[in-house]
Amino acid sequence: MTPPPVIVDLRDVTFAHPGQAPLFDHWSTAIRAGVTLVQGDTGSGKSTLLRLLAGAEAIGGLITLAGIRLDADAAAYRRAVYFVDPNDAQHEQSVAGDLVGAAARHLAEGFGLAPHLHKPMFMLSTGSRRKVWLAAAIASACPLTLLDEPTGGLDAPSREYLAQALSALAGQRERAIVVASSEGLGAVALAGTIALPLQGA
């Protein structure tokens, strides 16, 4: 069977927080279409890796997404990524339904958000806010979607629905979904896994 195509290519990526040892030291890997799980303990660098993939941190080395090099055209690269920090307060006044968008209403209903779509984000619980961003992310057509601890704060039915939604995306060949999770994703078919911590290839 033909393997899924490579969506993101990382070459000799190096990154360290100021005054600390490198989390990634000349590390190379390829992320293929489908769902890739990033595993590791708290503090191992899962969220940092997502930020690197989102183009939100200065790095050494090269990251190429769907043919777009981050160092050559950062704006185009970032437009090809869907990544929202669920703890970011910049959308607190936005209405949940507007953030979800019409294309993701069925996903919002699957997450049990229908009674809350008319509310501004600041009125929602942590779990409901996370569901809003999950619905919007899953519906995104971006070549790269990044999900950071998506099961955190979710009730059991929503976790099950998330697994179903990711399973439905697992066979796509033009899109990579990278999920950082310390809990795993159950029976979702994975294109690959990345275990942290790591330094080098």
Side-chain angles (χ1 to χ4, degrees), residues 1-15 22-41 44-57 59-85 103-104 107 133-151 159 161-201:
M1 187 175 183
T2 305
V6 172
I7 303 297
V8 188
D9 186 64
L10 299 91
R11 296 292 171 192
D12 291 321
V13 169
T14 298
F15 175 82
L23 277 171
F24 306 98
D25 186 9
H26 297 284
W27 176 55
S28 299
T29 194
I31 297 174
R32 295 184 177 275
V35 180
T36 294
L37 177 63
V38 181
Q39 296 176 302
D41 296 332
S44 62
K46 298 189 302 299
S47 295
T48 299
L49 176 56
L50 294 196
R51 289 183 59 79
L52 299 186
L53 291 170
E57 300 283 358
I59 64 163
L62 299 175
I63 303 181
T64 305
L65 165 58
I68 304 168
R69 275 179 42 173
L70 174 59
D71 64 322
D73 194 340
Y77 180 99
R78 291 177 186 129
R79 286 195 297 270
V81 181
Y82 190 99
F83 177 59
V84 174
D85 181 348
L107 293 165
W133 292 123
L134 285 172
I138 292 168
S140 165
C142 290
L144 177 61
T145 297
L146 306 172
L147 303 179
D148 194 4
E149 296 290 354
T151 59
R159 289 182 181 219
Y161 184 74
L162 173 62
Q164 293 172 0
L166 291 176
S167 292
L169 297 176
Q172 292 193 359
R173 297 185 64 83
E174 297 181 352
R175 181 179 179 190
I177 299 93
V178 179
V179 183
S181 175
S182 55
E183 300 181 350
L185 296 174
V188 177
L190 298 177
T193 59
I194 299 172
L196 300 178
L198 52 81
Q199 289 84 30

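Side chains are part of it too, since the values below use all heavy atoms of this structure and drop only hydrogens, waters and symmetry mates.
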Point to revise | Side-chain heavy-atom pair W27, L52 within 4.5 angstrom cut-off | key: no

Review point. Is there side-chain contact between Y161 and L107, with at least one heavy-atom pair below 4.5 Å?
Key: yes

Review point. Quick one: CG on L37 to CG on L185, what's the gap to the nearest 0.5 Å?
Key: 5.0 Å

Check your understanding: Okay, side chain of T14, backbone of H26: is any donor-acceptor separation there less than 3.5 Å?
Key -> yes

Practice item. Keeping to residues at least two apart or across chains, list the side chain to side chain donor-acceptor pair (under 3.5 Å) pairs with something in residues 65-75. Key: R69-D71

Exercise for review: Working to the nearest 0.5 Å, report the span between OG of S181 and NZ of K46.
Suggested key: 7.5 Å

Review point. Are any side-chain N or O atoms of R32 and backbone N or O atoms of A191, one a donor and one an acceptor, separated by less than 3.5 Å?
Key: no

Revision key, fill the gap. Scanning both residues in full, the closest heavy-atom pair of R78 with A54 reads CG-O, 3.6 Å

Review point. R175 side chain to T145 main-chain N or O, any donor-acceptor pair under 3.5 Å?
Key: no

Review point. Quick one: does I7's side chain get under 4.5 Å of L65's, heavy atoms only?
Key: yes

Point to revise | Spacing of R11 atom CZ and T29 atom OG1 [to the nearest 0.5 Å] | key: 8.5 Å

Revision key, fill the gap. Smallest heavy-atom separation, P150 atom then A180 atom, equals CD-O, 3.6 Å

Point to revise | Exam field: side chain E149 to backbone S182, donor-acceptor pair closer than 3.5 Å | key: yes

Check your understanding: Would a 4.5 Å heavy-atom cut-off, applied to side chains only, mark V81 and L53 as touching?
Key -> no

Exercise for review: Check whether any side-chain heavy atom of F24 lies under 4.5 Å from a side-chain heavy atom of T48, and answer yes or no.
Suggested key: yes

Point to revise | E174 atom CD: more than 12 heavy-atom contacts under 6.0 Å | key: no

Check your understanding: So which heavy atom on P4 is nearest to which on A33, and how close?
Key -> CB-O, 3.5 Å

Review point. How close do D9 and A30 get, heavy atom to heavy atom, and via which atoms?
Key: OD1-CB, 4.3 Å

Exercise for review: Kindly give the heavy-atom pair with the smallest separation between P3 and R173, and that separation in Å.
Suggested key: O-NH2, 3.2 Å

Revision key, fill the gap. Distance col, row L147:CG vs I138:CD1, nearest 0.5 angstrom, shows 6.5 Å

Review point. Hey, are the side chains of D12 and S28 touching, using non-hydrogen atoms and a 4.5 Å cut-off?
Key: yes

Revision key, fill the gap. Separation between CG (L10) and CD1 (I194), nearest 0.5 Å, reads 7.5 Å

Study note, to complete from the structure: OG1 (T64) and CG (L70) are apart, to the nearest 0.5 Å, by 8.5 Å

Study note, to complete from the structure: Heavy atoms of A176 and I31 approach each other most closely as CB-CG2, 4.1 Å

